[in-house]
Amino acid sequence: MNKIGVHALSWVGGWSEAEARTAIEGSARLGYDIIEIPMLDTAAIDTAMTRRLLEENGLGATVSLGLDPTNDITSPNPDIARRGEEHLKTVVTLSNEFGATHVCGVIHSAMKKYMQPATEAGIHQSADILGRVCEHAEGCGIQIGIEVVNRYETNVINTAVQGVAFCKIIGAKNVKVHLDTYHMNIEEADAGHAIQETGEDLGYFHIGESHRGYMGSGSIDFDRIFRSLARVGYDGPIVFESFSSEVVNAQLSSMLGIWRNLWSDGEDLCRHALQFTKAHLHAAQKVDGLVKRPGVGGVFSG
Ligand code: MN
């Protein structure tokens, strides 16, 4: 069974106790299984408080982040790359303190628009560092997700096929490809085919609209997305991401280019997204049974 989650930035921009309570209690009340907590600034997360609130509400957690130019593990500057490795290992350690199951996102490079392609040396350095991060995460029982994002947010991997190849270079048991419908809509020729090509290498999935607003109000073909997830037997987390200028995290919102107000009522947005996701998952799981079940007289009769 897929666990269904929601990104904390649909609720709150920071992680004070009051903000964490709003996000965790709200997600649990609506019926989500997990909350994805952004951890760009490791000093901003009180892990004991987070653990207590998660336990009180029976909610699971995952963690996501993007690196930045000061800790970019593709950087030719060894100090910057070392800072990135230390940062990722600290994120894993802290995530483990509140029982997070996954650490994912743009952890293979800075999350930014690069003005040149990635270098071979940069890609291999990133994979080597991530291999050591995976080793640390394995000791914590945490799975690492390498998010495939569009060309304006990384120069390392922009398609699912590249994500699979990159995970093979890392070569760890606990690293998987993390796909996101918003990014796939920009880069993939055929998002359904990309999911099928990723197959068992898929370990984490973000659902979000073409404009990152309300599910179903954009141009993404979610019937095809959910059918493809069902066909590959994907049973990992499915986490809803949506961003609006209504809820701002200074660092993350500017990295993501959240300049527009796409919604004001985060609770309504999240309630709708959960219903939408469950309905699509349920329908998608029926598709193959219907395709394979001919009528009594054969394929062409009633
Ligand atoms: Mn995403």
Side-chain angles (χ1 to χ4, degrees), residues 2-11 13 23 27 32 34-40 61-68 88 91 95 100-113 143-160 162-164 166-167 175-188 191 194-195 198 201-215 218-220 222 225-226 228-229 234 236-244 247 249 251-258 260 262-263 266 269-270 273-274 276-277:
N2 302 101
K3 291 206 164 140
I4 316 291
V6 59
H7 193 283
L9 204 54
S10 291
W11 296 101
S27 301
Y32 280 98
I34 48 181
I35 186 165
E36 183 179 309
I37 302 169
M39 199 190 286
L40 286 88
T62 61
V63 165
S64 62
L65 70 152
L67 296 175
D68 64 49
L88 290 171
V91 167
S95 301
T101 53
H102 296 70
V103 169
C104 57
V106 187
I107 56 176
H108 39 81
S109 75
M111 185 160 71
K112 67 162 202 174
K113 165 77 168 74
Q143 189 174 301
I144 299 294
I146 305 294
E147 186 167 14
V148 177
V149 297
N150 74 72
R151 66 190 70 186
Y152 308 110
E153 296 184 34
T154 187
N155 58 1
V156 174
I157 43 170
N158 302 134
T159 67
Q162 289 179 312
V164 171
F166 187 67
C167 285
V175 69
K176 296 259 186 182
V177 177
H178 166 185
L179 294 179
D180 179 320
T181 56
Y182 164 78
H183 298 289
M184 294 171 88
N185 182 57
I186 297 171
E187 299 292 354
E188 301 288 355
I195 290 168
T198 309
D201 292 320
L202 182 60
Y204 202 87
F205 201 76
H206 272 164
I207 44 169
E209 261 296 359
S210 48
H211 47 40
R212 310 201 101 160
Y214 268 79
M215 290 292 282
S219 60
I220 291 180
F222 280 108
I225 296 286
F226 280 97
S228 303
L229 290 174
Y234 177 68
I238 297 178
V239 177
F240 171 56
E241 272 195 321
S242 179
F243 307 103
S244 169
V247 179
N249 170 305
Q251 201 179 0
L252 186 54
S253 299
S254 46
M255 267 179 165
L256 296 173
I258 309 306
R260 286 194 293 147
L262 286 151
W263 43 263
L269 170 95
C270 295
L274 182 61
F276 184 97
T277 303

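Numbering of ligands and ligand atoms starts at 1, following listing order.
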Between Glu147 atom OE2 and Glu241 atom OE1, the angle centred on the Mn ion (ligand 1) rounds (to 10°) to 180°
Does any N, O or S atom of His7, backbone or side chain, fall under 2.8 Å from the Mn ion (ligand 1)? no
Could you check whether Arg212 makes a cation-pi contact with Tyr182, meaning its NZ or CZ is under 6.0 Å from the centre of the six-membered ring and within 45° of the ring axis? yes
Are any of the side-chain heavy atoms of Val149 and Asp180 separated by less than 4.5 Å? no
So, of the N/O/S atoms that His206 has, which is the nearest one to the Mn ion (ligand 1)?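 Going by distance to the Mn ion (ligand 1), the closest N, O or S atom in His206 is ND1.
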Asp180: its N/O/S atom lying closest to the Mn ion (ligand 1) (atom name): OD2
For Ser64 and Tyr204, which I'm curious about, is there any donor-acceptor pair between the side chains at under 3.5 Å?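 Side-chain D/A pair, Ser64 to Tyr204: absent.
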Would you find more than 12 non-hydrogen atoms of other residues, nucleotides or ligands less than 6.0 Å from Lys112 atom NZ?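 Correct, the count exceeds 12.
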